[in-house]
Participant: 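Mind having a look at this structure? Questions to follow.
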Amino acid sequence: MKNVVFLYAGATETHAFDVLFDGKSAFSRCLDWVRSVKDCVAVRVATVPSLEPHVKQCLRDAALENAVVICNPEWNTASLIEAVASNVSSAGADTVVYAAGDRPFLDMKLTEQLLENHVSYLAEYTFADGYPLGLAPEIVDKGTLAILSSLAKDKARAAGDAPVSANSLFSIIQSDINAFEIETVIAPRDYRMLRLDFSCSNKARTLACEALYREAKAASVPFEAEPLSELASSSAAVQATVPAFYTLQIAQNVASVPVYNPYIDAFKKKNGVRPVVAENSSPADMDFGKFETLIDDIARFSETAVISLSGFTEPLTVPHFLDYVACVLKKSGLSVLIETDGLLVTPELAQRVAQIASNSPARTGEWPAVMWIVSVDAVSEAMYRSVRPESVSCTDGLSPFKTACSAVATLAACFPGCVYPQFMRMDTNESELESFYRFYNDSNSPSAGKLIIQKYDSYCGVLPDKKSADLSPLERMPCWHIKRDIFVFPDGSVPLCREHILDGSVGNIFNDGLEKIWAGFASVVKSHLDGQYYEKCRNCDEYYTFNF
């Protein structure tokens, strides 16, 4: 069987060529792996003009004489698959061994196992299942590539037009998955719950790769898929690199009072007044100058991240809300998430935010520039009033419930595919869950099929237990939020997590700085990995929920 090794090295925002591994880059280590692929008759590397010199220099250093560089101004999934298909055919090969060129830990033994299974079981597509991403290539038959290329231009056009990603090939296969013979090599333990991606495609993943390389060398762990996965499963340095999700609560006030928001009573207990628009007339919203400095720090520290402007309150109550959005979107690696009750959404506001997004640089992260969550929570007026007994008066003359529903359509017109009506599932409104799902899950709904069913949170017993179902895993696992999130109140104080509400501060991000605050989380991550949980953590069931 003749193979073509095809590497994709066309992601412009990458650390693939940074020299991080004892004098080698991720791409250089990837080329070392290429040499081990059996029956390789040709090597092809897809890249873009800005990276072409780096690719060619690494190929010269590696003395890979059968390598050809394919350079395009830009790539999407369809153009990538078309290039793979044509190059496998022109090389007279039977299969392609495909991988991204930013993966420093591609495993030779696992690759051999994949190739053996591919041949033995007459497979059309073979992949490794259960391992973290980045440890194994994908194997595709020559004839299958031609079919995938056709699908990417027709039946799977949306997936074909999408930017190249870690699941580009499979996204096309999924469009007609029963038509293909698929084989796998299954990991002895399922590591997928770690959500690890050992590529140098962004800063967080690059730091994880550096940490894994360092720890593997120190412990004399072989650079093979199984021992590396096992080492990563217990490493705080690998699993918690830099935050991926920041909640910057810019507003102090809410516009409506849902029964599931503990912040309102906690704020009154501490400050003597409820943080409600009609009652707290001089809110201490987050200072814009401090916010601007913090965004600069986040862009430098995390490079790519999602910034929520909501938290426990309503960001649209902030007078200069648009300035905060524009500030975030000036950073190409950052995306904005706005969670709102929808009561202050207007067509003019939606259009102005959309214009800001349009005028901003293209995102280099994995998420759209702006995403919206609209808390609707019901399908009837009566149920809405049960969940949100207090709301501001709506200027459109509609009831709060109808205004919230209208906000979904208003926002979706300006942000197609990026608006999510949300239902906080609890025993109060469980009777309307199915109706909510059926309505918004329809592609003809105002959100075009997008929706979120949110798990109820009692905040470790602060609120009554209104869960309608227990979704927690049978076995406790380390908390995702401790490893990936930071929550910041308007005054800059940072709780260990949002479960602490207004208590449990680990410092002030405006005074202490982002790096010092984040460093303080390391010991907690380590204790979770060791199976040791603080009292608050032991009583929490949010540990298995995941943001970005």
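As a basis for the values below, the full set of heavy atoms in this structure was taken, side chains included, without hydrogen atoms, waters or symmetry mates. Note that this is a predicted model, so its numbers are computed, not measured.
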Participant: Around Glu74, counting heavy atoms of other residues, nucleotides and ligands shown, do more than 12 lie under 6.0 Å from its CD?
Facilitator: no
Participant: Taking Asp18 for its side chain and Leu20 for its backbone only, find out whether a donor-acceptor pair lies under 3.5 Å.
Facilitator: no
Participant: How many angstroms lie between atom CD1 of Ile338 and atom OG of Ser308, to the nearest 0.5 angstrom?
Facilitator: 9.0 Å
Participant: Does Arg363 use its side chain to pair, donor to acceptor, with the backbone of Leu334 at less than 3.5 Å?
Facilitator: yes
Participant: Examine distances only and state if a side-chain atom of Arg484 and a backbone atom of Cys479 form a donor-acceptor pair shorter than 3.5 Å.
Facilitator: no
Participant: Atom SG of Cys497 and atom CZ of Phe487: how far apart are they, to the nearest 0.5 Å?
Facilitator: 10.0 Å
Participant: Less than 6.0 angstrom separating the ring centers of Phe198 and Tyr131, yes or no?
Facilitator: no
Participant: With the side chain counted from C-beta on, respond yes when Phe436 and Met383 share a heavy-atom pair under 4.5 Å apart, and no when they do not.
Facilitator: no
Participant: Parallel, tilted or perpendicular: which one describes the rings of Tyr8 and Trp75, with boundaries at 30° and 60°?
Facilitator: perpendicular
Participant: Of the non-hydrogen atoms in Phe415 and Ala350, which two are nearest, and what is the gap between them?
Facilitator: CE1-O, 3.6 Å
Participant: Would you name the heavy atoms of Thr313 and Val254 that are closest together and state the gap between them?
Facilitator: CA-CG1, 3.8 Å
Participant: Closest approach of Val370 and Ala357, non-hydrogen atoms and distance?
Facilitator: CG2-CB, 4.0 Å
Participant: Closest approach of Ala162 and Asn76, non-hydrogen atoms and distance?
Facilitator: O-CB, 3.4 Å
Participant: Below 4.0 angstrom, N of the basic side chain to O of the carboxylate: do Glu279 and Lys268 qualify?
Facilitator: no
Participant: How about Lys330: does its NZ atom have over 12 heavy atoms from other parts shown lying under 6.0 Å from it?
Facilitator: no
Participant: Against Arg205, only a single residue in Glu13, Glu303, Glu210, Glu366 fulfils salt bridge (Lys or Arg N to Asp or Glu O under 4.0 Å); can you say which?
Facilitator: Glu366
Participant: Of the options Glu432, Gln454, Glu430, which is the one that meets Arg425 in a side-chain hydrogen bond (donor to acceptor under 3.5 Å, both in side chains)?
Facilitator: Glu430
Participant: Taking it one step at a time, do Met426 and Val387 satisfy side chain to side chain contact (heavy atoms under 4.5 Å, CB included)?
Facilitator: CA-CA 10 Å; Met426 49 189 172; Val387 176; 3.6 Å; yes
Participant: Is any side-chain heavy atom of Phe301 closer than 4.5 Å to one of Trp518?
Facilitator: yes
Participant: Hey, which of Phe510, Tyr246, Tyr324 is the one that makes ring pair (Phe, Tyr, Trp, His ring centres under 6.0 Å) with Phe291?
Facilitator: Tyr324
Participant: Side chain of Ser302, backbone of Val242: donor and acceptor closer than 3.5 Å?
Facilitator: no
Participant: In plain terms, say whether Asp485 and Arg498 are close enough for a salt bridge, that is, a side-chain N and a carboxylate O under 4.0 Å apart.
Facilitator: no
Participant: To the nearest 0.5 Å, how far apart are CG in Leu411 and CD1 in Ile373?
Facilitator: 12.0 Å
Participant: Mind checking whether Tyr191 and Glu230 have side chains closer than 4.5 Å, heavy atoms only?
Facilitator: yes
Participant: Does Arg538 use its side chain to pair, donor to acceptor, with the backbone of Tyr533 at less than 3.5 Å?
Facilitator: yes
Participant: NZ of Lys450: more than 12 outside heavy atoms within 6.0 angstrom?
Facilitator: no
Participant: Are side-chain heavy atoms of Ser233 and Leu194 found at a separation under 4.5 Å?
Facilitator: yes
Participant: Keeping Gln422 on the side-chain end and Ile452 on the backbone end, is there a donor-acceptor pair under 3.5 Å?
Facilitator: no
Participant: Measure the shortest side-chain to side-chain distance between Phe267 and Arg274 over non-hydrogen atoms and say whether it is less than 4.5 angstrom.
Facilitator: no
Participant: Using 0.5 Å steps for rounding, measure from the CG atom of Asn167 to the CG atom of Leu133.
Facilitator: 8.5 Å
Participant: Is there a donor-acceptor contact under 3.5 Å from the side chain of Asn441 to the main chain of Tyr437?
Facilitator: no
Participant: Could you grab the distance from atom CD1 of Ile509 to atom CG of Asp491, nearest 0.5 Å is fine?
Facilitator: 11.5 Å
Participant: Looking at SG of Cys414 and CZ of Arg352, how far apart are the two atoms once the value is rounded to the nearest 0.5 Å?
Facilitator: 13.0 Å
Participant: Can you see which heavy atom on Ala208 is nearest to which on Thr241, and at what distance?
Facilitator: N-CG2, 3.5 Å
Participant: Between Tyr260 and Thr428, do the side chains contain an N or O donor and an N or O acceptor separated by less than 3.5 Å?
Facilitator: no
Participant: Describe, in one word, how the ring planes of Phe546 and Trp480 are oriented to each other, choosing from parallel (under 30°), tilted (30 to 60°) and perpendicular (over 60°).
Facilitator: perpendicular
Participant: Quick check: does any side chain N or O of Asp530 sit under 3.5 Å from a backbone N or O of Gln532, one acting as donor and the other as acceptor?
Facilitator: no
Participant: What about His481 and Tyr543, are their ring centers closer than 6.0 Å?
Facilitator: no
Participant: Flag the pair Leu502 / Phe489 as yes when at least one side-chain heavy-atom distance between them is below 4.5 Å, and no otherwise.
Facilitator: yes
Participant: Is any side-chain heavy atom of Ile298 less than 4.5 Å from a side-chain heavy atom of Ile307?
Facilitator: yes
Participant: Using a 3.5 Å distance criterion without hydrogens, assess whether the side chain of Glu314 forms a donor-acceptor pair with backbone atoms of Asn253.
Facilitator: no
Participant: Identify the two heavy atoms, one from Pro104 and one from Ser199, that lie closest to each other, and give their separation to 0.1 Å.
Facilitator: CD-CA, 4.4 Å
Participant: Could you walk me through whether Cys405 and Val376 pass the side chain to side chain contact (heavy atoms under 4.5 Å, CB included) test, one step at a time?
Facilitator: CA-CA 7 Å; Cys405 295; Val376 178; 4.0 Å; yes
Participant: Any chance the side chains of Asp377 and Ser375 put a donor and an acceptor closer than 3.5 Å?
Facilitator: no
Participant: Taking atom CZ of Arg438 as the centre, does the number of heavy atoms from other residues, nucleotides or ligands within less than 6.0 Å exceed 12?
Facilitator: no
Participant: For the residue pair Ser256 and Asp341, confirm or rule out a side-chain donor-acceptor distance under 3.5 Å.
Facilitator: yes
Participant: Can you establish whether the number of heavy atoms outside Lys526 located under 6.0 Å from its atom NZ is more than 12?
Facilitator: no
Participant: Could you please spell out the steps behind the side-chain hydrogen bond (donor to acceptor under 3.5 Å, both in side chains) verdict for Ser399 and Tyr384?
Facilitator: CA-CA 10 Å; Ser399 68; Tyr384 185 86; over 6 Å; no
Participant: Which of these passes side-chain contact (heavy atoms from CB on, under 4.5 Å) with Phe321: Thr317, Val325, Asp323?
Facilitator: Val325
Participant: Got a donor-acceptor contact below 3.5 angstrom from the Ser335 side chain to the Pro368 backbone?
Facilitator: yes
Participant: So Leu212 and Ser235, do their side chains get closer than 4.5 Å, heavy atoms only?
Facilitator: no
Participant: What class does the angle between the rings of Phe312 and Tyr459 fall in, given that below 30° is parallel, 30 to 60° is tilted and above 60° is perpendicular?
Facilitator: tilted
